[in-house]
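Here the structure is laid out as structure tokens; the discussion comes afterwards.
Values in this document were obtained by computation on a predicted structure and should not be read as measured data. Chain A is the first sequence line, chain B the second, and so forth, proteins listed ahead of strands; every chain is numbered from 1.
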2 protein chains.
Amino acid sequence: MSIRHGIIALLAEQDMHGYQLKVEFERRTGGTWPVNIGQIYTTVQRLVRDGLVLPAPGERSDDRADVERFTLTDAGRAQATVWWSTPVERGAPARDELAIKLALAVTAPGVDVRDVVQAQRTESMRALHDFTRLKAAQPQTDDLGADLAWSLVLDHLVFDAEAEVRWLDHVEARVARASLHPRPSPRPTDDPAAGGAGGGRARRRSGAPPPGGRRR
Amino acid sequence: MSIRHGIIALLAEQDMHGYQLKVEFERRTGGTWPVNIGQIYTTVQRLVRDGLVLPAPGERSDDRADVERFTLTDAGRAQATVWWSTPVERGAPARDELAIKLALAVTAPGVDVRDVVQAQRTESMRALHDFTRLKAAQPQTDDLGADLAWSLVLDHLVFDAEAEVRWLDHVEARVARASLHPRPSPRPTDDPAAGGAGGGRARRRSGAPPPGGRRR
DNA sequence: GCCGCGTACTTACCGGGTAAAGGTTGGGAG
DNA sequence: CTCCCAACCTTTACCCGGTAAGTACGCGGC
């Protein structure tokens, strides 16, 4: 749904043709998510089918007339304002491969969760560093708005990656704790041990800031 | 790809039939992501086509023989170990509707970013509270492993939601800061206050944008 | 006797996303 | 001057993830 709404939002500002939609979308999101041109056209087709978009009737004289532009219908314009005023739903979160993987890992025999966490942390931190480096190297273009947008998107990725790392640390800790007192049978109201146990496990921490975690 | 890998991982532990895959998958992930049974079968079909899975040849006597079970081939088994040892890629992050929305919002005329952020924060915090409440109410079942998995998944959602809220705050702050010294714009809040840490942003207007712009 | 429910499987369909193949135009390089 | 390349603009075929809906069977109740 992301592209669909993006297209509507862009058309709300100005009539455009397909290629232009692609270029604009990418510019406004800092090139973080390149869009396949094919998808633009098929999505627009569906929008036309649904009565939200129309091929532009009046051609502009100030520009090439041979390319076909698209306009929002009233319904489309309404959708745009609805989109802006309605938050994106966070009730039923999308499946996240990492979460699934670790959920399966802790319940799978013969899989060492710590190895999985370890490998993932390396990857996630690598991504985090990449983003941070990108941020530092961020060029100032002549387009203030796009610079800000791109910067915010990058921040989003950074927050996300940080949170992921933090979660991995958390998982590791909980798994370690759980494996110290595995309870085979029901009944025990439980070991007094809660705290002690620190034993062993010298783990190097990753340095992630406060709360954080975002993935989808 | 999440379901696909999940199926492989489950089959690596034990031969199963379709329905059982569905049930197991949901149990192991705490029922957070219900799976449509249709998808299980179509995905398994593809796995068979790709030579990773085979309809189980030898039927077990200890169980109903009429249902068709599936087994991993050697290639499938190899895939499973590869999956466990390879982190999920975080290099080219998936499109996130919220990030796109805000990136478009800051560059769109006539859209008040603060309203968007405001509405989203309400929604995100609602989700956060829901998750927290769920966590508090988490029932202890007789299945320790599944309890842990479910709990970790919930933690993931919580970390995620927290980070999202934090990011929203961040966006709000940056936007507010940026709108203090733009050019002519309605709402001339002439705050001299900006002060503190380096008034920042002395730079603007660079020459022609460097070729290629930003790219990864 | 039929109702509902859990088990087990099939099918048709849709929307997001990718790849690849066109066709046009303008501006150098030779 | 011509040719080629790059940027512009569009179409099509295809795959995969995901959903809905329908079939069928056996079993315990009321």
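- Atom CD1 of A/I40 is separated from atom C1' of C/dT18 by 13 Å (rounded to the nearest Å).
- Separating the OH atom of B/Y19 from the P atom of D/dA24 is a distance of 19 Å, rounded to the nearest angstrom.
- Between A/E97 and A/K101, no side-chain nitrogen of the basic residue sits less than 4.0 Å from a carboxylate oxygen of the acidic one, so the salt-bridge criterion is not met.
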Base versus backbone protein contacts along nucleotides 12-17 of chain D [heavy-atom cut-off under 4.0 Å; B, S, -]: B---SB

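- Note on ring orientation: taking the six-membered ring where Trp is involved, the planes of A/F159 and B/H170 are tilted (angle from 30° to 60°).
- Atoms CG (A/L47) and P (C/dC14) sit 16 Å apart, rounded to a whole Å.
- Under the 3.5 Å distance criterion, the side-chain polar atoms of B/E24 are left unmatched by any main-chain donor or acceptor of B/L10.
- For the pair B/R27 CZ and C/dT7 P, the computed distance is 13 Å after rounding to whole Å.
- Between the NE2 atom of A/H17 and the C1' atom of C/dT24 there is a distance of 13 Å, given to the nearest Å.
- Here the shortest heavy-atom pairing between B/P34 and B/T32 reads CD-O, 3.4 Å.
- Distance A/W33 CH2 to C/dG16 P: 17 Å, rounded to the nearest Å.
- In this structure, B/E97 places its CD atom 16 Å from C1' of C/dG17, rounding to the nearest Å.
- Under the 4.0 Å criterion applied to side-chain N and carboxylate O atoms, B/K135 and B/D147 are not assigned as salt-bridge partners.
- A/F70 approaches A/G18 most closely through the heavy-atom pair CE1-N, 4.0 Å.
- Atoms CZ (A/R69) and C1' (D/dT10) sit 14 Å apart, rounded to a whole Å.
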